[in-house]
Amino acid sequence: MKLMIIGAGGVGTVVAHKAAKMSAFSQIVLASRTQSKADEIAAAVGGGRIATDRVDADSVEELVALFEKHRPGIVINVALPYQDLTIMEACLRCGVNYLDTANYEPKDQAKFEYSWQWAFDDRFRQAGLTAILGCGFDPGVSAIYVAYAAKHYFDQIHYLDIVDCNAGNHGMAFATNFNPEINIREVTQKGRYWEDGRWVETEPHQIHKPLTYPEIGQRESYVIYHEELESLVKHFPTIKRARFWMTFGEEYLTHLRVIQNIGMARIDPVEYNGCEIVPIQFLKAVLPDPKSLGENYTGKTSIGCRIKGIKDGRERTYYIYNNCDHEQAYKETGTQAVSYTTGVPAALGAAMFARGLWKGPGVLNVEQFDPDPFMAEIGGQGLPFVEQFDIDLEV
């Protein structure tokens, strides 16, 4: 199958490196708003495996022209979440299957949910096309872990806690691990978790406690809202409570509070010297490029699912996780572990589809596919997992 990748940031870099080694793809095209960025990645991958092109992913017409020119079988969208809908629309017009790593959010509202993309389901079904949503790590592997646990270890899942720790050190006073605009919008929103059939909203970072991460130790962890919670409680209705925890250092939170207090996290335009600028977009321009962090990044990420439920009438607990080393990720792909853990599953998910292992028309979240073939290969692609049974989950 011919693959197209849209987006030439850190995640796009990882997808390109990984996809180039996969026999599932006959040809690969990498497209970006700035073609020179795609050219650099293609040169780093080498072997003439990747062709490049330019596209403005905000424009359905430009995307249609790109797809008609190259005729891909599937497109991996690792551009911005703002562009999910334009890319999906172009896929429908051109008969192209779709995969992304983050759900849609509008530019003018700091809100993300699946409703906009789920609304495409009938059209993708009628066209006989597949749209795979959320195939990064979280969302992505986190949801596949849950599907794997539900298939093999539980009759009912009752409690789910997704835990995400970045214990790395990049040496910067303040930097974000992926697109600063998207990152800051995400972590400054109100918290939200699922309990007893409804969403419970909290103030940002209101709920927190120290959790212990393997090979890392204790880190203060905060309940935030994350998109896979929305799809998981829909597809696993026995879940009584689902939460997402992320670690933040005190210095990071202090910077974040200052950015908010002085108005630099605003997403609405302000006038400056006769021009309109959006403060958070200006901030993005002056912060370090996440792709540049890899060279000096040390330490590990640890992301996993802590699950409690019932099997054969008895309560059991289960913890499945991956630890990823920033330095090893950089040696292989020239990026840090946050980009690596997102890009590897995206490439593998597209290969699952190309090889016919993930099937079905419509708009589907990753947990709706059979987890077994993905889990059989993800370790060999660089993200091995560890399982622990009947332990204290701390949550």
Ignoring hydrogens and angles, state whether a donor on the side chain of S302 or N323 is under 3.5 Å from an acceptor on the partner side chain. yes
Donor on one side chain, acceptor on other, N166 and T301, under 3.5 Å: no
Applying the 4.5 Å side-chain criterion to the ILVMFWY set and letting contacts propagate, would I74 and V14 be lumped into a single cluster? yes
Side chains of N77 and D84: any donor to acceptor distance under 3.5 Å? yes
Here's a test for you: under side-chain contact (heavy atoms from CB on, under 4.5 Å), which of V141, V15, I378, L383 qualifies with L348? I378
Measure centre to centre between the rings of F369 and F374, then say whether the value is under 6.0 Å. no
Looking at I157, is its backbone amide N or carbonyl O close enough to the side chain of T238 to form a donor-acceptor pair, meaning the two atoms are under 3.5 Å apart? yes
Using a distance-only test with no angle check, is there a side-chain donor-acceptor pair under 3.5 angstrom linking Y82 and D58? no
Name of the residue among Y159, F389, Y145 meeting ring-ring contact (aromatic ring centres under 6.0 Å, His included) with Y318: F389
Over 60° means perpendicular and under 30° means parallel, so classify the ring planes of H152 and Y148, tilted if in between. tilted
Exercise: do H326 and Q328 side chains pair donor with acceptor under 3.5 Å: no
Check: S36/T34 side-chain N/O donor and acceptor closer than 3.5 Å: no
Could you check whether the rings of Y114 and W118 sit parallel, tilted or perpendicular, using 30° and 60° as the cut-offs? parallel
Answer with yes or no whether the side chains of Y153 and E387 bring together a donor and an acceptor at under 3.5 Å. yes
Any side-chain to backbone donor/acceptor pair from Q27 onto K2? Under 3.5 Å, distance only. no
Hey, are E220 and T247 close enough side-chain-wise for a donor-acceptor pair under 3.5 Å? no
Looking only at the side chains, is there a donor atom on one of D100 and Q117 sitting less than 3.5 Å from an acceptor on the other? yes
Under 3.5 Å, is there a donor-acceptor pair between the S115 and E113 side chains? yes
Polar side chain donor-acceptor pair, W245 to D161, under 3.5 angstrom: yes
Using a distance-only test with no angle check, is there a side-chain donor-acceptor pair under 3.5 angstrom linking D53 and H70? yes
Between the side chains of D164 and H226, is a donor N or O closer than 3.5 angstrom to an acceptor N or O? no
Verify the distance criterion only: is there a donor paired with an acceptor across the side chains of E394 and T212 at less than 3.5 Å? yes
